[in-house]
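First up is the structure itself, then whatever we jot down about it.
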Amino acid sequence: MSILVSSWSKNVQSVPENYVFPEGRRPGDITAPVCNNIPVIDLAQEGGLDHDEMIHQIMRGSKDFGLFQVINHGVPEELMDDTMSLFKEFFDMPAEDKAAYYSEDMSKSFRLYTSGMNYLKDQVNSWKDSVIHQSCHPLDDNIQSWPEKPRRYREVVGAYSVEVKKLTARILDMICEGLGIELGYFGDELSEKHALVVNHLPPCPDPSLVQGVRRHTDPNLLTLLQQEVYGLQIFHEGKWVGVEPIPHAFVINISDQLQTISNGKLKSPQHRAVTNANIARTSLVTFITPSFESIIEPAKVLVSESDPQLFKPSPCMKYISSYIAMVDNRKGREDPELPKLCD
Ligand SMILES: O=C(O)CCC(=O)C(=O)O
Ligand SMILES: [Fe+2]
């Protein structure tokens, strides 16, 4: 039998034992109401918000929640719909078709996997299948490792990653403006890597027992997420709150390395994704990461006598490897120099 949740979960009426989290580590409030204070920012270039107001809202979201949403952002809505439909079709393919893409080898540039990062190492499994494209750009160098099924996979996902790249550059420059650092600061090296992860959480007979995407902060620079079904939650002021699924919006999540570069002015929120009883949830998550050799440290202009440096310089790779070690061992991050984050 396939170990992919998307292949066997239709045939079960209760949660198999290896997916049931022990009491105390269960998700708790899976129906947390959506938080209406998270900014939803209209980025329309004509007839939309005043530019200064956009920057103000971006800063408010990034400081108070570590997160905001954008609409009218320039990524064509039809392309967002096509990409979402394509991935739903991917996870609905017969188990034999999906088996060709399944791998536990984390070094692969494209793979389909299940649970956390490694099904075999997880003490308790997560109710999730995922695909990862380690690198989307340059497209021509990477696209050959992507699936050819469903038809148009490479064309649609390729176009999606080109559009998301443009939006990323725009948002990073607005963050520069808000922080008062030079435009282009995040160009090239600091935003070199674009990985696309698609998480698929099939309907679950009892969402209160399982984890979809477990509580974590993102170890990269910035994350852009597309969702259409409720499930993403952030831990805010001591409780879980939902992030409203808004059609054709992107959720923009400040990640650990941007928290460091901003010298703690922007925060990297703890978040997770919960499952639903009746409906599958698919999310498209683009992770922007500096080149692994980049040294991540607070921007000089953000450090002063009244604003002492909060983080020591560390290579980007250290953030990523400490995250992977944490996910593998389910322990907190041990390196005291890195933002301290997880359960
Ligand atoms: O699927 C989601 O909504 C959250 C995914 C996420 O946090 C991640 O993949 O890092
Ligand atoms: Fe995340």
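Because only heavy atoms are used, hydrogens play no part in the values below, and waters and symmetry mates are left out as well, while side chains stay in. Indexing begins at 1, ligand by ligand and atom by atom, following the structure's order.
With Ser191 contributing its side chain and Phe186 its backbone, the two residues share a donor-acceptor pair below 3.5 Å.
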Please give the N or O to N or O pairs under 3.5 Å between ligand 1 and the protein, distances rounded to 0.1 Å.
from, atom 1, to, atom 2, distance (Å)
ligand 1, 1 (O), Asn199, ND2, 3.3
ligand 1, 1 (O), Arg281, NH1, 3.3
ligand 1, 1 (O), Ser283, OG, 2.6
ligand 1, 3 (O), Arg281, NH1, 3.1
ligand 1, 3 (O), Arg281, NH2, 2.9
ligand 1, 7 (O), His216, NE2, 3.1
ligand 1, 7 (O), His271, NE2, 2.9
ligand 1, 9 (O), Asn199, ND2, 3.2
ligand 1, 10 (O), His216, NE2, 3.0
ligand 1, 10 (O), Asp218, OD1, 3.2

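At a threshold of 4.0 Å, the pair Glu89-Arg152 does not count as salt-bridged, since none of the basic side-chain nitrogens sits closer than that to a carboxylate oxygen. We find that Asp64 and Lys267 are not joined by a salt bridge, their nearest charged nitrogen and carboxylate oxygen being 4.0 Å or further apart. A salt bridge is absent between Arg151 and Glu148: the closest approach of a Lys/Arg side-chain nitrogen to an acidic carboxylate oxygen does not fall below 4.0 angstrom.
The aromatic ring centres of Phe110 and Trp146 sit 6.0 Å or more apart. Annotation: Phe250 is in aromatic contact with His73 [ring centroid separation under 6.0 Å].
Listing protein N, O or S atoms at distances below 2.8 Å from the Fe ion (ligand 2), with waters left out, gives His216 NE2, Asp218 OD1, His271 NE2.
The OG1 atom of Thr282 sits 10.0 Å away from atom CD of Gln226, with the distance rounded to the nearest 0.5 Å.
His194 and His137 have perpendicular rings, their planes meeting at more than 60° on a 0 to 90° scale where under 30° would count as parallel.
Residues Tyr102 and Glu104 share a closest heavy-atom pair of OH-OE2, 2.6 Å.
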